[in-house]
Amino acid sequence: MKTIKLLLIEDDLNLGYILKSSLEDVIGEYEIEVASNGKEGLECMKSFTPDVIVSDIEMPVLNGLEMVKKIRQTNPDLPIVFATGKITPKDVMAGYEAGADNYIKKPFTPEELDAHVKALINIKNNSRLRLKNAIHKIGKYSFDPKNFTLIYNNSEKKILTARESQILELLWMHKGEIVKRKDILETFWNKMDPFFASRSLDVFITKLRGYLSKDASILIKNIKQAGLVLDAD
């Protein structure tokens with residue numbers, strides 16, 4: 001694997017530089033820049049183009065949630081992991097609403113972080129390999145998974161995050177079929193606590209239902225103890 005450029009945003013700089021040393025010197029295959037808050041992180045991105053961001057949430061000057069919202073305005077597919085001790089359902093929902101792809105709970109080992117990062121990069125790379133220039137029709141919507149766009153009635157455009165697009169793409173590929181929750185969770189949240197992974201999936205499905213709600217013929221149905229089905233004309 002080529003060197004992974006990781007931007008680590010952590011207000012505890014001692015912890016930040018310990019992680020930097022562990023990943024670069026012990027794990028290997030990493031080039032890491034450390035910033036101490038969201039504002040520094042955004043500035044760092046101008047000169048250091050990361051493959052992935054790992055960020056704390058509660059930070060001075062600009063917190064992780066607000067930073068990620070700004071990043072998602074121009075970069076929908078950059079993998080972003082929140083590293084935090086706060087992973088209540090409310091906290092998880094706020095993070096995914098902001099645009100995060102995954103969580104890792106503090107404290108964690110460098111090996112755990114490495115596994116999370118590489119899983120996200122593999123998902124991103126595999127998704128890109130599958131994508132062509134095809135525009136998928138979902139009822140009155142046009143879905144472009146390559147560019148993360150969902151257009152209603154050829155006029156109203158919504159930019160999705162990479163994770164939103166990946167989940168919708170998976171459901172579209174199996175349109176009318178049951179996609180097992182277990183398979184979705186293992187694909188996108190394999191290294192996360194099962195409870196929070198399940199709640200995370202629920203957040204994304206709620207968001208996708210909202211995006212598709214202008215066409216009443218489209219349903220993402222929850223089949224109890226089975227999985228999810230995308231029904232659309």
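Everything numeric here is computed off the predicted structure, so don't read it as measured data.
Counting only distance, with no hydrogens or angles, the side chain of S155 and the backbone of Y152 share a donor-acceptor pair below 3.5 Å. N63 places a side-chain N or O within donor-acceptor distance of the main-chain N or O of L65, the cut-off being under 3.5 Å. For the pair S22 (side chain) and L19 (backbone), a donor-acceptor distance under 3.5 Å is absent. Under the 3.5 Å distance criterion, the side-chain polar atoms of E66 are left unmatched by any main-chain donor or acceptor of L62. The closest donor-acceptor contact from the side chain of K140 to the backbone of D215 lies at 3.5 Å or more, if one exists at all. Under the 3.5 Å distance criterion, the side-chain polar atoms of S21 are left unmatched by any main-chain donor or acceptor of Y17. Of the possible polar contacts, none joining the E31 side chain to the T3 backbone as a donor-acceptor pair under 3.5 Å is found.
Hydrophobic clustering of Ile, Leu, Val, Met, Phe, Trp and Tyr side chains at less than 4.5 Å, counting indirect connections, unites F108 with L13.
Rounding to the nearest 0.5 angstrom, the gap separating the CG atom in L208 from the CG atom in L171 is 7.5 Å. Atoms CG and OG, from D77 and S165 in turn, are 9.5 Å apart once rounded to the nearest 0.5 Å.
More than 12 heavy atoms of other residues, nucleotides or ligands shown are found within 6.0 angstrom of NZ on K175. The local environment of CD in E58 is sparse, with at most 12 non-hydrogen atoms from other residues, nucleotides or ligands closer than 6.0 Å. Under a cut-off of 6.0 angstrom, the local environment of NZ in K157 is sparse, with at most 12 non-hydrogen atoms contributed by other residues, nucleotides or ligands. No more than 12 heavy atoms of other residues, nucleotides or ligands sit less than 6.0 Å from atom NZ of K182.
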Checklist entry - K39 and D11: salt bridge (Lys or Arg N to Asp or Glu O under 4.0 Å), yes or no, with the steps? => result CA-CA 11 Å; K39 183 178 179 181; D11 64 340; over 6 Å; no

Checklist entry - Given the rule in the side chain to side chain donor-acceptor pair (under 3.5 Å) test, do R181 and S198 qualify, once you have shown the distances and angles that lead to the verdict? => result CA-CA 8 Å; R181 284 182 68 93; S198 185; 2.7 Å; yes

Checklist entry - Yes or no on salt bridge (Lys or Arg N to Asp or Glu O under 4.0 Å) for K118 and D51, after CA distance, side-chain angles and deciding distance? => result CA-CA 10 Å; K118 287 177 179 173; D51 299 309; over 6 Å; no

Next on the checklist: Between T84 and K105, does the side chain to side chain donor-acceptor pair (under 3.5 Å) criterion hold? Intermediate values first, please.
Outcome noted: CA-CA 5 Å; T84 177; K105 187 178 186 301; over 6 Å; no

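Counting only heavy atoms from C-beta outward, the side chains of L78 and M45 approach each other to under 4.5 Å. Using a 4.5 Å heavy-atom cutoff, the side chains of L160 and P76 are not in contact. For the pair Y30/K20, no side-chain contact is recorded, criterion being any heavy-atom separation below 4.5 Å from C-beta on. With contacts defined as side-chain heavy-atom distances shorter than 4.5 Å, the pair M67/L42 qualifies. The closest side-chain heavy-atom distance from K106 to E10 is below 4.5 Å.
Scanning both residues, Y103 and G95, for their nearest heavy atoms gives OH-CA, 3.2 Å. Minimum interatomic distance between D101 and R163 (heavy atoms only, all atoms of both residues): O-NH1, 2.9 Å. The two residues G99 and V68 have their closest heavy-atom pair at C-CG1, 3.8 Å. The heavy-atom pair separating P50 from I53 by the smallest distance is CG-CG1, 4.1 Å. Between N222 and R209 the shortest heavy-atom distance is N-NH2, 3.8 Å. Heavy atoms only, all atoms of each residue included: G41 and A35 are closest at N-CB, 3.7 Å.
A centroid separation of 6.0 Å or more is found between the aromatic rings of W172 and Y141.
Cation-pi geometry between K207 and F204 is satisfied (NZ or CZ under 6.0 Å from the ring centre, within 45° of the ring normal).
Among L23, I27, I121, the single residue meeting the side-chain contact (heavy atoms from CB on, under 4.5 Å) criterion with I4 is I121.
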